[in-house]
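Here is the structure we will look at, set down as C-alpha cells.
Reckoned from all heavy atoms, side chains included, excluding hydrogens, waters and symmetry mates. First listed ligand is number 1; within each ligand, the first listed atom is number 1. Heads up: numbering here begins at 1 and tracks the sequence.
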Amino acid sequence: MALYGVLGDIHGNLEALEAVLAALDARGARELLCVGDVIGYNADPDACVALLRSRGARVIAGNHDLIGTGRLGFERCSNKARYSLSRTRRTLSAKSAAWLGRLPASRLVEDTIALVHGGVRDVQLYMTTAPHIRRNAELLRADFPTARACFFGHSHEQKLYQVAGSEVRELPIDARIELSREHLYFINAGSVDAQRKRAERLAECALFDSRAWTLEFLRAPYNSVATEAKAAAAGYRIPVFTDWLYTWRRRLLAA
Ligand SMILES: [Fe+2]
Ligand SMILES: [Fe+2]
C-alpha cells in the first residue's frame, strides 16, 4: 500500500510533466501510476518517456502511444492529433518506441486499483457520461473482479464517479475525498497536458492513498507559452491549409 501520484495524457509536454512531478514530490508521492498518452501533440515525446522511466512509473498504453508507434491507425483522430502524431512518428527515437511498444493495455495494482486509458475494453472510448460509466463498471467487474478503483484518462477532465450496483453518481472533486470501501469508483486524474484547454492552463494529476483510501485532485501551473513555442517551431501544429485538406479528404473518403 502506498501514496500514489496518478497522472496521464502527458502528450509530450515536458514542462507540464515536470510541474506535476514536482507537485507530487512535494506531497510525498513516491509511486507513480500513469494511464497513458505519454506522447502526441507536443515536442518532447522522448524526454517524457525518459522521465517516466527514470521515475519507475507504472504506465499503460494510450491511443496516442499506439498511433505514434504505428500500432493503431489515424481513423478516429482529429486533424490536430493526426498531424502532431505524424510528426511524432518521424521524431520518436527507436528506444522510446520500443518501450512504448511494450506497454500493457491495462493493469491491476494491489489487486484493487485498475488502470485503463479510454474505456475498460476500448482504448479510444471517451467515458464522459453516467451510462458510459455504468456499462464500463460491468466490464470492469468481468475483467478485474477485485478492482475497487478504476483510474482512466483520454477525456482530459478531472472526474470522480461512484458506482453502487447500477447507480452512478458524479461527486465533487474540490477537497480531499474519503472514498468508501463499499463502492466502486471511476476516477479521471485529468490531463497533464493543458495546451488545448480553453480555461487556465494548469497541469492536472491526483494523489491517491491506498492505505487510507483517500483521493485528492491537484493542479499545477507550468510554462505553457514555452511549450507552445517549442511545439510550433518543431512542426507539431497543423497549418490551416493542411487542416482544410484533411477535412476534405475525410469527407471524400466517407462519400
Ligand atoms: Fe489524451
Ligand atoms: Fe487518449
Side-chain angles (χ1 to χ4, degrees), residues 5-17 19-20 32-49 51-52 57-89 92 96-97 99-101 103-107 114-129 132-133 136 139 150-159 186-199 201-206 217 219-220 222 224 227-228 231 236-238:
V6 187
L7 66 159
D9 295 285
I10 299 157
H11 289 297
N13 187 334
L14 182 61
E15 292 75 21
L17 178 58
V20 152
L32 298 175
L33 306 177
C34 174
V35 296
D37 275 1
V38 178
I39 63 172
Y41 292 124
N42 298 293
D44 287 309
D46 286 324
C48 290
V49 165
L51 188 47
L52 286 178
R58 281 174 261 189
V59 188
I60 61 163
N63 58 316
H64 279 238
D65 306 317
L66 297 171
I67 298 166
T69 53
R71 288 177 295 147
L72 192 63
F74 293 115
E75 294 77 14
R76 289 165 74 180
C77 280
S78 68
N79 292 352
K80 282 189 181 73
R82 183 187 182 125
Y83 189 84
S84 66
L85 281 166
S86 300
R87 183 82 187 109
T88 304
R89 279 184 179 186
L92 192 67
S96 298
W99 181 79
L100 289 165
L103 296 178
S106 56
R107 65 190 292 172
L115 308 181
V116 303
H117 180 68
V120 172
R121 293 184 189 169
D122 179 358
V123 70
Q124 299 192 90
L125 176 73
Y126 291 96
M127 289 204 290
T128 53
T129 65
H132 286 144
I133 299 297
N136 278 271
L139 299 176
C150 178
F151 285 95
F152 67 101
H154 192 56
S155 44
H156 292 203
E157 254 196 281
Q158 292 182 320
K159 291 278 182 187
F186 276 73
I187 305 151
N188 190 328
S191 171
V192 171
D193 175 38
Q195 290 306 107
R196 288 168 308 118
K197 298 228 180 208
R198 288 194 190 91
R201 288 180 175 175
L202 296 171
E204 298 168 335
C205 64
F217 290 88
R219 290 175 168 197
Y222 69 96
S224 64
T227 303
E228 199 57 30
Y236 284 79
R237 295 292 177 261
I238 189 168

Check your understanding: Going by the angle between their ring planes, with limits at 30° and 60°, are His64 and His11 parallel, tilted or perpendicular?
Key -> perpendicular
Check your understanding: SG/Cys77 to CG/Leu72 distance, rounded to the nearest 0.5 angstrom?
Key -> 7.5 Å
Exercise for review: Could you tell me the angle subtended at the Fe ion (ligand 2) by NE2 of His117 and OD1 of Asn63, rounded to 10°?
Suggested key: 90°
Study note, to complete from the structure: Value for CD1 (Ile10) from CG (Asp44), rounded to nearest 0.5 Å, stands at 12.0 Å
Revision key, fill the gap. ang(NE2 His156, the Fe ion (ligand 1), NE2 His11) rounded to 10° is 100°
Review point. Which is the closest N/O/S atom of Asp37 when seen from the Fe ion (ligand 1)?
Key: OD2
**Study point:** Metal site the Fe ion (ligand 1): N/O/S of His154 inside 2.8 Å
**Key:** no
Check your understanding: When you measure from the Fe ion (ligand 1) to each N, O or S atom of Asp9, which atom gives the shortest distance?
Key -> OD1
Practice item. List the steps and the verdict of side chain to side chain donor-acceptor pair (under 3.5 Å) for Arg237 and Asn42. Key: CA-CA 8 Å; Arg237 295 292 177 261; Asn42 298 293; 2.8 Å; yes
Point to revise | Reported OG-to-NE2 distance for the pair Ser155 and His132, which is rounded to 0.5 angstrom | key: 10.0 Å
